[in-house]
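Convention: sequence-line order gives letters A, B, ...; per-chain numbering from 1.
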There are 4 protein chains.
Amino acid sequence: MTTLRADARRNREKILAAARELFRERGTAVAFDDIARRAGVGIGTLYRRFPDRESLIRDVTVEGFESGLAALDAARAAGGGPMAVLEEVFRRIVEQRDHLVMPLIGGPVLHDERVQELQRAIVDALAQVLEDGRAQGEVRADVGPFDLITAAAMVCRPMPHLPKEAAQALAARHTAVYLHGLRPAGARPLPPAGDPSAHLAMD
Amino acid sequence: MTTLRADARRNREKILAAARELFRERGTAVAFDDIARRAGVGIGTLYRRFPDRESLIRDVTVEGFESGLAALDAARAAGGGPMAVLEEVFRRIVEQRDHLVMPLIGGPVLHDERVQELQRAIVDALAQVLEDGRAQGEVRADVGPFDLITAAAMVCRPMPHLPKEAAQALAARHTAVYLHGLRPAGARPLPPAGDPSAHLAMD
Amino acid sequence: MTTLRADARRNREKILAAARELFRERGTAVAFDDIARRAGVGIGTLYRRFPDRESLIRDVTVEGFESGLAALDAARAAGGGPMAVLEEVFRRIVEQRDHLVMPLIGGPVLHDERVQELQRAIVDALAQVLEDGRAQGEVRADVGPFDLITAAAMVCRPMPHLPKEAAQALAARHTAVYLHGLRPAGARPLPPAGDPSAHLAMD
Amino acid sequence: MTTLRADARRNREKILAAARELFRERGTAVAFDDIARRAGVGIGTLYRRFPDRESLIRDVTVEGFESGLAALDAARAAGGGPMAVLEEVFRRIVEQRDHLVMPLIGGPVLHDERVQELQRAIVDALAQVLEDGRAQGEVRADVGPFDLITAAAMVCRPMPHLPKEAAQALAARHTAVYLHGLRPAGARPLPPAGDPSAHLAMD
DNA sequence: CATGAATGAGGGTTCATTCAT
DNA sequence: TATGAATGAACCCTCATTCAT
């Protein structure tokens with residue numbers, strides 16, 4: 001996969017875009033024929049590029065992670081206190097939620113190297129933000145990066161029977177309440193977390 | 001469905017139990033043969049009792065709603081302030097989360113009468129709890145029953161690649177933060193909700 | 001498979017007959033759809049009865065062995081000296097050669113119990129005939145049962161590009177020369193055989 | 001095919017070698033991709049050199065015939081009586097049997113000119129050997145060149161489930177008995193042959 | 001009523017063949 | 001000329017559904 005011929009590269013992009021849409025609309029079990037049709041390529045091309053469903057899911061997942069990490073970087077670059085950063089991250093994520101396939105913690109995709117690399121970058125950045133938040137008294141101390149990843153995955157998960165706007169509104173409201181819940185005032189400690197770092201993947 | 005023969009009734013229960021388990025393990029698209037096998041009945045029997053997938057999903061959904069409503073009633077009966085009631089409801093729900101198929105707002109199941117009846121009962125009870133919460137200054141004013149239903153559905157959704165305990169821990173932590181976010185102090189207003197009552201269903 | 005329903009049994013026979021024909025016409029890689037069509041059953045029925053190609057090949061093989069054993073028994077029952085018995089066996093086999101799927105020595109089917117049982121019966125019967133032949137000076141001493149099985153398999157193998165009569169004539173002529181070669185007069189010893197009993201299967 | 005560029009010629013040889021191996025290992029229906037891969041050329045190159053499967057089979061067949069003819073010539077050159085010649089021919093053939101794709105009588109390849117030319121040369125040479133054999137009383141009179149070609153094809157056919165040595169041993173033993181059967185002493189006449197010259201081809 | 005056999009539509013996958021690079 | 005990407009027909013197999021026992 002070092003360098004792909006120009007047309008092959010274009011096809012790869014079209015397939016990934018189609019898969020992302022259809023995964024969200026109908027789940028990751030969607031028919032390969034349909035993905036190929038929407039991408040405008042032959043079924044054989046899809047199989048040449050992605051020999052099995054797992055590899056397609058993997059690559060869509062990687063893209064989701066990359067978007068998430070980009071949102072995080074952008075939010076931090078925009079400045080503001082730690083809470084403002086978190087709000088901005090989630091605003092961006094919810095905004096794109098139906099172009100995103102946000103991995104949940106755990107699953108086979110975890111074994112992929114690129115996925116792990118992205119995961120680590122995200123965990124590190126979030127840990128930093130949370131650390132700042134704690135230092136400035138804006139964020140409760142018992143919340144960790146995996147809680148935030150879980151929350152992001154939850155509000156990104158498809159709600160197949162709702163119109164896009166309704167789903168987005170519900171996700172935004174849920175997010176707002178959750179973020180408000182991150183503030184320390186009067187908080188009782190959270191239940192223990194186990195070791196969430198053992199898992200990270202798509203739904 | 002007025003009165004079923006004793007053995008027929010037993011079969012119905014076995015099928016529903018098997019479906020509930022398999023829906024959670026592998027999704028609602030699971031093969032009917034497998035449901036029949038796990039239930040220990042013939043495939044013909046399954047079809048006699050549930051002529052199509054929709055009707056099976058519907059009945060499992062109804063059971064989920066009934067559990068939710070029961071949890072709600074039990075929590076209210078246990079007494080305590082409104083916030084204590086909500087905490088107790090969610091504690092019960094998370095506890096049973098992998099025996100529950102919790103419907104999200106919206107979807108075809110909405111057209112069923114029994115489902116609507118349960119939905120209304122749940123909405124009414126939640127509205128009452130929230131009303132009390134507002135009156136006592138424990139709960140922010142801009143949260144409605146559908147936000148809570150959404151939250152409950154979210155934390156109940158399957159996380160197929162995680163061991164039960166890990167999923168339950170994540171759900172409990174998420175719930176705790178969310179509930180803490182329901183308190184009014186320092187809250188900024190939520191984004192608008194549209195009309196969520198137009199939808200109610202399973203994932 | 002203890003007792004099959006009457007119609008299921010009939011279908012099984014039709015499938016086996018179709019498979020036998022098509023295996024001979026086009027090889028064991030023939031399309032399952034075609035087998036089902038020729039048998040006059042649905043593809044699903046074929047799969048229910050024979051979950052994979054191996055099991056279908058196995059059962060056709062068993063039938064081939066059974067025919068071979070039957071030919072052997074009939075020939076021995078018909079009486080005559082050992083050489084007359086062998087001639088009669090091969091005459092019968094060549095006669096039915098295009099209804100037969102004659103296993104060659106070696107292959108995965110060997111692991112099947114029924115196949116091994118038939119193999120042993122055939123080997124024993126042939127060993128007896130050869131023993132008699134040796135005793136009466138009609139058959140050379142260095143030929144064993146596996147040589148005869150090999151010869152039978154060879155003359156039964158399909159010759160796809162020849163009309164049935166031409167194939168049968170060539171097989172009959174080859175057989176006649178081979179059997180003539182079994183007589184001891186002037187024979188030089190055969191090359192060593194290794195351990196042929198380690199193998200037995202279809203082509 | 002007048003004169004091929006040096007590298008093109010090399011490619012042609014590599015493809016033929018790969019095809020010969022794979023035909024024997026997995027049959028003539030083997031995937032073209034696999035042949036190209038084993039030959040170390042692109043699939044396009046394979047198609048440029050052999051526009052269809054038939055032409056590839058034809059050329060492998062021609063090579064088989066050429067080897068057979070060479071074995072025949074070498075055996076005759078080695079001298080000895082007619083029977084010694086036949087024994088030497090078959091010894092050589094069996095020895096190389098798993099590098100040989102030996103055509104059976106009949107089939108589409110027959111229409112190729114080079115194939116017919118080789119066939120005629122082989123038939124003529126065998127006829128001569130048999131004629132000598134008859135004259136010297138070493139070979140029965142009712143055997144013709146096509147019987148020998150059939151025998152050679154039979155003992156060369158792949159036995160996919162047997163290790164090379166086992167297959168070779170069985171073939172050598174079968175050949176020895178068959179050749180012994182060619183001697184006239186006490187022979188009963190063979191069944192009639194039809195007109196075998198109407199057919200000649202690969203399995 | 002319960003059972004499980006039969007059916008065939010549809011989705012998964014391979015591979016022969018063409019064609020752009 | 002060599003390459004390998006793209007294509008789609010054809011085969012494999014599962015499974016929802018019907019129906020005979």
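With sequence neighbours excluded, no residue satisfies side chain to side chain donor-acceptor pair (under 3.5 Å) with B:Asp33. C:Arg114 pairs by the side chain to side chain donor-acceptor pair (under 3.5 Å) definition with C:Glu66, C:Glu117, not counting sequence neighbours. The salt bridge (charged side-chain N to carboxylate O under 4.0 Å, His left out) test applied to A:Arg53 returns no partner, not counting sequence neighbours. Residues passing the side-chain contact (heavy atoms from CB on, under 4.5 Å) test with B:Ala18 are B:Ile35, B:Arg38, B:Ala39, sequence neighbours excluded.
Stem analysis of DNA chain F (Watson-Crick or G-U pairs, both distances under 3.5 Å, runs of at least three) returns E:2-21 with F:2-21.
For the residue pair A:Leu56 and A:Phe50, the shortest heavy atom distance occurs at CA-CD2, 3.7 Å. Among all heavy-atom pairs drawn from C:Cys156 and C:Arg24, the shortest one is O-NH1, 2.8 Å. Minimum interatomic distance between D:Phe65 and D:Leu118 (heavy atoms only, all atoms of both residues): CB-CD1, 3.7 Å.
The side chain of C:Ala8 has E:dA5 as its nearest neighbour among E:dA5, F:dA16, E:dT14. Distances from the side chain of A:Tyr47 to the nucleotides E:dG12, E:dA6, F:dC13 place E:dG12 closest.
In this structure, A:Arg37 atom CZ and F:dA6 atom P are separated by 19 Å, rounded to whole Å. Separating the CZ atom of C:Arg9 from the P atom of E:dG4 is a distance of 19 Å, rounded to the nearest angstrom. Following rounding to the nearest Å, D:Asp52 (CG) and E:dA16 (P) show an atom-to-atom distance of 12 Å. Between B:Arg49 atom CZ and E:dT3 atom C1' the separation is 14 Å, expressed in whole Å. Between A:Phe50 atom CZ and E:dT13 atom P there is a gap of 15 Å when expressed in whole angstrom units. In this structure, C:Leu22 atom CG and F:dC11 atom P are separated by 12 Å, rounded to whole Å.
Taking 4.5 Å as the limit, every side-chain heavy atom of B:Val41 sits out of range of all side-chain heavy atoms of B:Arg49.
Between D:Asp34 and D:Arg37 a salt bridge is recorded (basic side-chain N to carboxylate O distance below 4.0 Å).
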What are the atom names and distances for every N/O pair under 3.5 Å that joins the protein to nucleotides 7-11 of chain E?
residue: E:dT7; atom: OP2; partner: C:Gly42; partner atom: N; Å: 2.8
residue: E:dT7; atom: OP2; partner: C:Thr45; partner atom: OG1; Å: 2.7

